[in-house]
Each structure stands twice: as structure tokens, then as C-alpha cells.
2 protein chains.
Amino acid sequence: MKISKRAYYGLRAAVSLAEADGPVSARELAEREHIPEDFLEKILQKLRKTGIVESTKGVEGGYTFANKAASVWDILKSLDGPVRTFSSPGGKGTLPCDFPSHCRTNDVLRRLEIEIEKTLSGMTIGHLNEQLTTHNKQREDKDENRIKSCE
Amino acid sequence: MKISKRAYYGLRAAVSLAEADGPVSARELAEREHIPEDFLEKILQKLRKTGIVESTKGVEGGYTFANKAASVWDILKSLDGPVRTFSSPGGKGTLPCDFPSHCRTNDVLRRLEIEIEKTLSGMTIGHLNEQLTTHNKQREDKDENRIKSCE
DNA sequence: TTTAAATAGGACTAAATTAGTCTTACTTTG
DNA sequence: CAAAGTAAGACTAATTTAGTCCTATTTAAA
């Protein structure tokens, strides 16, 4: 039930990209976010394949955020594959079976899955970044607290 | 974001124990639920430590379900430790910091965590087993579908 | 009172997943 | 054409999960 580093890095990268205005190179982004560069590259490539991020090659190239409507859920799905908390009872969950505890447990987990999806689909990166803006403003006010409060 | 086998087995064991009337030995339970015996033993010991299950030693001993009010959440917590989807921003999540994406991301994950807890705390084993009873009744009606529908 | 059926618990191993690296190739702008 | 970038796949290392093994202790029944 822990989120993977991949997903965690990916979320942070997305948030960071979304507030940048031009393309940002993987190297630059890795520095900004303190993420291992090669690993971040892989992550960005996955996000590109699902259209969350766009890339331009060559000098002055880099990654841009492509879809402000993308939700946290979309990002997690892109990076870790479909969230599958339960092992499938053969497709038709309503049928009776020989191991009732198995089916019941799957029902619970399926409900959980739906709940998680609902929660995360409601949070878009755009929304996150509104919060971010406010956050940054507050930050400028209390500059002296910065470093130790987030590590 | 996958549930562990430990948790999955544990849930099934709990459901199964809760519908039994006497104590059930680990061996017997392992057979009923198709769970590796030694592994199940470990799981049951964890569940015992958190009071979800009780044990009696010796011949005719075994495990009994101890707390019908226990929720799915309680069981998962017992088995996999506290669900910690985010890496802590030093305790005070509202303070500004040098890596805003870090804090924002943690906020999201913390909200997710709360949502998961809410969902799972609402499901007690007692409730699950009411469903189970209905389920078993239905099962007796359509006996021929049993085996292949749940594997 | 012995014996068989249980739990208790710790140490260990194997398998799988996750995290991260390395290498090589390709693309684009200056 | 050179520098700064992405693209992609193979590889390795570290961590976690799953599962096993062994030894001790408890208890009811024969």
C-alpha cells in the first residue's frame, strides 16, 4: 500500500513542469526536483506515451506539460499501470464460487479500488498548481523557515 | 498500489474464521483457504497481537475470531503496518518549503490516505459475513457453476 | 504420564519487484 | 558539424515480499 518512488517522482515532476513556462530538459528538472536524472528520463517517457507531457528533441528542447486536465489518477496509471488491488475472480464477480471468502475479499478490494480512483480522478494538476501558487506566495512572506521544513 | 499477499490471505482468513463456530487450527484453515500453512501461521500471529483473533494452544486448539467489530482497515494495518503513501514533510504539512512540488504532492497523498482509511474503516468483518451468508444461499441454488468461477 | 496436535517465535532463503544505471542511437538548433 | 537534447533497451543493485525451517512450549486425551 505504499506509493512507488516512480509515481512519487512522476507526480512531483508533473507539478513542477506544469508551473514552468518553456520546455524544461530532463537534466534541469532532475536538478530542480532532486531526482536521479536517468530515472527521471524513464518516467518522463512514460508520461509522454500517455500524453500527459510533450517532448521536443534537440538543443533548447525538453519536456512541457501537455494536459492541464490530467488528474493525479492519470499520472499514477501511466507510471505504475492499472491499480489492481485484488486478484480477479475470473471476470464475473457476481457468480458464486467454491471459496466464498475469496470472492468476498475481492468485492471489498474492488470497492476500495473504485474509491481510490474516484478520489484521485478529482484532483487535476491544474488544481494542484493553483494551490501551489498560493503556497509560493506564503513562502515569500516567511522566508526564514524555508529550508528545514520540507525534507 | 497492489495489496500484498499477506494482506490478501489475512483478509480471507479473517472472513473464514469469522464464520466458523469453534476454534480452527492453522492447518485446517490453510487447507480451507488454499494458503501456505507456515505463512498463514505468521499472519495469524500478527492478527492475534492486534486482538483481531484469539488462539488456544494444544490439542483441539486453534484460532477464533475475536472482534466482530474489526474493520478491513484494522486487518490491513495489523498485517502491513501503517499505510503510508507519502513521505513525510517533517510533520508540519502547512509550512512553506524549498521544494513546493514535494509538499503539494504530499498533500495529495495524505488526502488519498485519509480517503482509503475512511473507506476501509467502514467495512467490518461482521458486515462482510452477512454478505457471505446471502452469498452462500445463492450458491446452493446454482451448484453447477461453482468450481471454475472463482480462481 | 506419554503422546499427538496445536501455537510461538526466530532465523533463514528464494523470488519478485523496484530503483537506478549504462550504453548506444537518433534529432535538432546554433 | 558539434553540443544539447530525447529514445529506447539491456543490465544491475537494492529492497521487499513471500515463503520455509527449525526448535520450543502448551494442552487435551488416551
Side-chain angles (χ1 to χ4, degrees), chain A residues 1-13 17 20 22-66 76 78-85 87, chain B residues 1-13 17 20 22-66 76 78-85 87:
Chain A
M1 274 316 237
K2 252 181 322 184
I3 208 172
S4 67
K5 285 245 162 122
R6 204 176 334 120
Y8 189 64
Y9 290 157
L11 282 172
R12 279 166 54 201
L17 270 187
V24 183
S25 74
R27 163 165 303 178
E28 165 66 16
L29 193 55
E31 248 164 52
R32 281 192 204 167
E33 291 292 332
H34 296 80
I35 298 172
E37 189 185 332
D38 285 340
F39 195 28
L40 177 59
E41 189 97 40
K42 294 292 175 228
I43 291 168
L44 289 168
Q45 280 170 29
K46 284 196 174 200
L47 291 179
R48 185 181 54 82
K49 274 175 192 151
T50 54
I52 288 160
V53 135
E54 267 167 12
S55 69
T56 52
K57 283 185 166 186
V59 180
E60 298 290 283
Y63 294 91
T64 49
F65 199 75
L76 292 194
S78 305
L79 296 175
D80 286 343
V83 178
R84 178 78 19 115
T85 54
S87 78
Chain B
M1 274 316 238
K2 253 182 319 181
I3 207 172
S4 67
K5 284 245 163 129
R6 204 175 333 117
Y8 189 64
Y9 290 156
L11 282 172
R12 280 166 52 199
L17 270 186
V24 182
S25 74
R27 162 165 305 182
E28 165 66 15
L29 193 55
E31 247 165 55
R32 280 191 204 169
E33 291 293 331
H34 297 79
I35 297 172
E37 188 184 335
D38 285 339
F39 194 29
L40 177 60
E41 190 98 38
K42 294 293 177 229
I43 291 169
L44 289 168
Q45 280 169 28
K46 285 197 172 197
L47 291 179
R48 185 181 55 82
K49 272 173 193 152
T50 54
I52 288 161
V53 135
E54 268 168 11
S55 68
T56 52
K57 281 185 166 187
V59 180
E60 298 290 282
Y63 294 91
T64 49
F65 197 76
L76 292 194
S78 306
L79 296 175
D80 285 343
V83 178
R84 179 78 18 115
T85 53
S87 79

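The sequence lines fix the lettering, A, B, ..., with proteins before strands; numbering per chain opens at 1. Just so we're clear, the structure is a prediction, and the values are computed from it rather than from any experiment.
Residue Tyr63(A) has its side chain nearest to dT6(D) when only dT20(D), dT28(C), dT6(D) are considered. When the nucleotides dT21(C), dG19(D), dT6(D) are ranked by their closest atom to the side chain of Ala26(A), dT6(D) comes out on top. Nearest to the side chain of Lys42(A), among dA6(C), dT27(D), dG9(D), sits dG9(D). Closest to the Gln45(B) side chain, of the nucleotides dG9(C), dT18(C), dG19(D), is dG9(C). Minimum atom distance to the side chain of Ser25(A) is reached by dT6(D), of the listed dG9(C), dT20(D), dT6(D). Nearest to the side chain of Asp38(A), among dT7(C), dT21(C), dT28(C), sits dT21(C). When distances are taken from the side chain of Lys57(A) to each of dA28(D), dA7(D), dG19(D), the shortest belongs to dA7(D). Of the candidates dG9(C), dG19(D), dG20(C), the closest approach to any side-chain atom of Arg48(B) belongs to dG9(C). Of the listed nucleotides (dA18(D), dT6(D), dG20(C)), dT6(D) has the atom at the smallest distance from the side chain of Glu41(A). For Lys49(A), the listed nucleotide lying nearest its side chain is dA8(D); candidates were dG20(C), dA8(D), dC21(D).
Arg27(A) comes within contact range of no nucleotide atom at all, as no heavy-atom separation falls under 4.0 Å.
Judged by distance alone, with hydrogens and angles left aside, the side-chain atoms of Arg6(B) form a donor-acceptor pair with the main-chain N or O of Leu79(B) at under 3.5 Å. Between the Arg48(B) side chain and the Ser55(B) main chain, no donor and acceptor come within less than 3.5 Å of each other.
The residue among Thr56(A) and Arg6(B) whose nearest nucleotide of DNA chain D is located toward the 5' end is Thr56(A).
The two atoms that bring Leu29(A) and Ala13(A) nearest to each other are CD2-CB, 4.0 Å, heavy atoms only.
Counting to the nearest Å, the P atom of dA6(C) and the CD atom of Glu31(B) are 11 Å from each other.
Under a 4.0 Å N-O distance rule, the pair Glu28(A)/Arg32(A) qualifies as a salt bridge.
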